[in-house]
Each structure stands twice: as structure tokens, then as C-alpha cells.
Amino acid sequence: MLFPKKLHIVSFGCQMSAADGDELAQPLLERGLETVDDLGHADAVIVNTCTVRQHAEDRAISYIGRLREWKEQRPEGLVVVAGCVAERIGARIRRQFPFVDLVVGAKSIDRYPELLEEALRRRFDWKKENRGAWPKAGPARLATKSRSLPPRSFSSGGVSGRYQRPDAAAVPEAYQADGAPVSAYLTIMRGCNYACTYCIVPAVRGRELYRPFGTILEEARRLAASGARELMLLGQTVNSYREGGRDFADLLRAVAAVEGIERIRFMSPHPHYLTARMIEAMARTPAVCPHLHLPVQSGSDRILRRMRRNYTVRQFLDRVDALRAAVAGIEITTDFIAGFPGETEAEFEASLDLVRRLDPAATFCFKFSARDGTEAASFDGRIPEAVIERRHQRLLQLAESRRQAHLEAQVGRTVRVLLEDGRHGHTEHYVNARLEKAARPGTIVAAAVVSTAATGLRCRCA
Ligand code: SF4
């Protein structure tokens with residue numbers, strides 16, 4: 001049986017999942033496989049799954065089902081299913097899709113190279129394998145954005161969903177003409193020590209694990225050398241990072257010192273770890289973008305307790321105020337959930353009030369949906385779907401009006417756009433920007449904002 005040569009990777013879900021997809025590809029890339037965008041041209045496929053939203057899980061399962069035919073046409077093909085769905089219902093996947101060669105759950109990602117090796121050994125004749133005939137894997141391409149389903153920008157309109165930002169919105173690939181990434185993901189930790197009652201992540205990803213400080217810097221340098229100008233540090237509670245006496249603030253400063261890195265973003269921070277040290281690091285490290293996506297979820301203290309978010313509205317606002325005082329011009333974006341079990345009309349109104357007080361540049365509005373395996377799935381006080389829908393629509397409308405106001409306030413100003421392709425990029429506030437004339441990808445240009453657009457801003461080089 002011939003060893004595969006062409007690898008197709010598909011990631012469902014959030015940025016963490018996208019970054020994991022690239023990491024999962026690495027052992028195969030090191031064995032000489034090349035990535036292809038078209039499944040029809042592939043003879044190996046990695047399906048990296050996400051279970052945070054039921055929708056993402058359903059899409060992943062349906063995709064795996066469709067691979068049956070693909071596999072029938074090429075019995076030598078290799079199918080790997082990884083990630084959170086694999087963790088949650090791995091046994092079912094093995095039963096339902098016996099053609100899958102390897103199912104590896106999110107908690108086993110550290111053992112993945114070893115498990116893959118075993119699966120390959122079962123399938124292919126090692127003695128006949130001639131590694132020398134294969135090209136060496138190219139420059140490190142871990143955690144770049146291009147092979148995943150990218151998240152919708154914070155500036156996108158009509159944002160709606162369940163607990164994670166919607167995926168698969170077609171933003172242009174963050175690649176320069178020579179194929180080097182302009183904007184790259186860099187995973188710094190996995191798992192979560194919290195236990196929000198609506199969230200499946202701790203069950204499928206386990207407790208927090210922090211990547212060694214030095215390894216992160218090594219990868220940052222490698223990505224910078226391959227052309228990255230912006231790094232998005234990723235982790236479920238990214239700012240809880242700590243390792244060897246150093247914390248997230250230290251990491252921000254260290255990554256900013258990597259030559260070639262001009263912008264740093266991170267996702268998703270937890271309000272609890274928005275400490276004075278972190279705020280100071282953000283304020284004093286020019287490479288850290290003046291934008292923070294800080295999920296709040298509800299404007300009601302009672303609902304926040306029921307969600308087990310471990311902060312009150314007042315504490316959340318105090319931290320944001322401190323951040324705004326320290327970092328000039330910072331924009332805040334956030335998440336809300338509408339229709340959490342037991343949420344009264346007054347508590348929902350409190351969420352609307354909080355949108356007004358917080359004045360986020362963009363808000364991701366999610367409808368509560370009970371996920372099997374979470375505590376909230378068994379909570380009493382379920383809100384009827386029609387009510388959830390109505391609350392969600394009201395939240396969306398308010399969020400959209402705030403978003404438009406923030407965009408319009410930019411018109412006439414000069415923004416700095418990191419160009420990801422000739423005409424498209426992001427401002428320092430992570431707003432999509434489109435230039436009237438093309439410029440070189442990978443450069444940061446000063447651009448005058450001419451008008452707003454459905455997806456962000458239209459700009460002209462200043
Ligand atoms: S902090 Fe809460 S919502 Fe975020 S990953 Fe952990 S449990 Fe889930």
C-alpha cells in the first residue's frame with residue numbers, strides 16, 4: 001500500500017481548533033506530505049473537530065460521513081479524526097465510521113504523534129517506505145491561519161451563534177504572495193481550569209496545560225522568520241498562562257521582543273486574569289494591539305453566578321475601566337448569551353444595559369442551547385425557544401447599532417492596516433479594512449478611512 005502524499009486538513013470551530021489542525025498536520029508534513037486544498041486531490045485527510053457548539057459538532061459528523069465515499073474510491077487513503085468531538089464521542093465515531101484510521105481526542109493531543117505513528121505502522125509497510133524520496137517539510141507552518149476555517153472578524157455584521165464565534169466566514173487568507181504567513185496563530189496553552197456551567201470545553205480538553213515559555217518563543221521566532229508580522233496567541237483562557245514563575249504579562253513582553261513581530265493579539269482571555277500586571281504589559285508593549293475581546297456573557301450577577309463565571313458585573317466593568325484608562329484608544333469586544341436557563345426579562349434587560357454601558361465595538365450574541373454533558377443542560381427554568389429567539393434578536397440589534405457607531409466614528413481618521421493580501425487587512429482594532437489600491441502584503445500602511453462597509457472599513461493610503 002502506497003504511503004500518502006497529499007494531505008487535506010479541515011478544522012471545524014474556533015481559532016484554537018484551527019491552530020490545532022495545523023499542529024495535527026505537522027507529523028505528516030514532516031514525513032513529506034504536502035497539503036492540498038481540494039479533498040479530491042488528497043490521499044490523507046485530517047478532520048479536526050470542535051464540540052463547543054452543537055452545530056460545529058453536527059457539521060463535523062456529517063463531513064466524516066461524507067468521507068465514506070472518498071475512502072471507498074481510495075481504500076489506501078488515510079482518515080484521521082481529532083479534536084473535541086473525538087474526545088467526547090470517539091467510541092461512537094469508531095463504531096459508526098469504521099473506515100476512520102485514527103480517532104484521537106483533544107486530551108490526547110500530546111500523544112498524537114505517537115498514536116499516529118502506530119496507526120501508520122498498522123497500515124503501511126515501514127520497510128518499503130523510502131523517506132529519502134520525499135521532499136523535506138517546508139519551513140515551519142505551524143498554526144498559520146490559512147488551512148483552517150477562519151473566524152469571522154470582530155467587525156463582521158450580524159454576528160450570532162452559540163458560545164464561539166462563527167466559523168467559516170470567508171475572509172481572505174492571511175498570506176503574502178510568496179506563501180509566507182502574515183498573521184499566524186500560536187497556541188500557548190490548552191484546557192481550562194474553570195467550570196462554566198454551559199461549557200463542554202473542560203470536559204473534552206481537560207485541565208490547563210501551559211506550553212514551555214522557551215518553546216513558544218522559539219516558534220514565534222520561526223514564524224517571524226517565515227514572514228509572520230502578527231501573532232495571535234491562543235488558549236482557552238489564554239491570559240491564565242504561567243510557567244516557571246512567569247506569567248502572561250511576561251510572555252507578552254517576550255513575544256513582542258521577537259524580531260519581525262509587529263503586532264500581538266490573543267484569544268480568549270478570561271476577565272479574572274485581566275490583572276494589573278497584564279494591563280501594564282499591554283499598556284507598555286506597543287506591539288500589543290489596542291483591542292481586547294473579553295467575554296462577559298450576562299449583565300446579571302445572578303445569571304453570572306449560575307453560569308459560574310466567577311466575577312460580578314461590577315468587577316468586570318472595573319477591570320475594563322482600568323484597561324481603558326491605561327491603554328489609550330483600546331476597543332473592547334465581547335460575548336453575550338441570551339436565554340440562559342432561569343433568565344428573567346429583567347435579567348435580560350440587564351444584559352442590554354450592560355451593552356450600553358460597556359459600549360463594545362462588536363458583540364457576539366449567542367443563543368443558549370443545552371449541550372449534553374454540561375451542568376446547564378439539566379438546569380431548571382429552561383426558556384422557550386421563541387423567547388430565546390426574541391431576546392437574541394434584540395441583543396443583535398443593539399449590538400449592531402453599537403458596532404455601526406464605532407465604525408462610523410473611524411471615518412476621516414487614519415488607521416494602521418496590516419495587509420494580509422494586496423488590498424485587505426486588519427486595523428489595530430481588528431476591524432476588516434479594504435484599501436482602494438493594492439499595496440505589498442505584510443506591510444503596515446497608514447490609511448485614511450473613507451467610509452464604512454458591511455464587513456468593516458474602506459480606506460485610502462494616507
Ligand atoms: S472559561 Fe468557561 S467558557 Fe471559557 S473555556 Fe473555560 S469553562 Fe469554557
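Atom set for the values below is all heavy atoms of this structure, side chains included, hydrogens, waters and symmetry mates excluded. In listed order, ligands and their atoms are each counted from 1. Small disclaimer: the values here were computed from a predicted structure and weren't measured.
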request  = Please say which of R371, R308, Q297 ends up in a side-chain hydrogen bond (donor to acceptor under 3.5 Å, both in side chains) with Y198.
outcome  = Q297
query = Using a distance threshold of 2.8 Å, what protein N/O/S atoms lie below it relative to atom 2 (Fe) of ligand 1?
reply = C196 SG
P286: side chain to side chain contact (heavy atoms under 4.5 Å, CB included) partners, not counting sequence neighbours = none
Solution key, residues 323-331 side-chain donor-acceptor pairs under 3.5 Å, sequence neighbours excluded:
from : atom 1 : to   : atom 2 : distance (Å)
R324 : NH1    : L358 : O      : 3.1
R324 : NH2    : L358 : O      : 2.8
E331 : OE1    : H406 : ND1    : 3.1
E331 : OE2    : H406 : ND1    : 3.2

request  = For the residue pair R309 and H270, establish whether any side-chain heavy-atom pair is separated by less than 4.5 Å.
outcome  = yes
inquiry  = If you define the side chain from C-beta out and look only at heavy atoms, does anything of L304 sit under 4.5 Å from Y311?
reply    = yes
request  = Quick one: which residue pairs count as a salt bridge (charged side-chain N to carboxylate O under 4.0 Å, His left out) with a foot in residues 265-274, not counting sequence neighbours?
outcome  = E230-R265
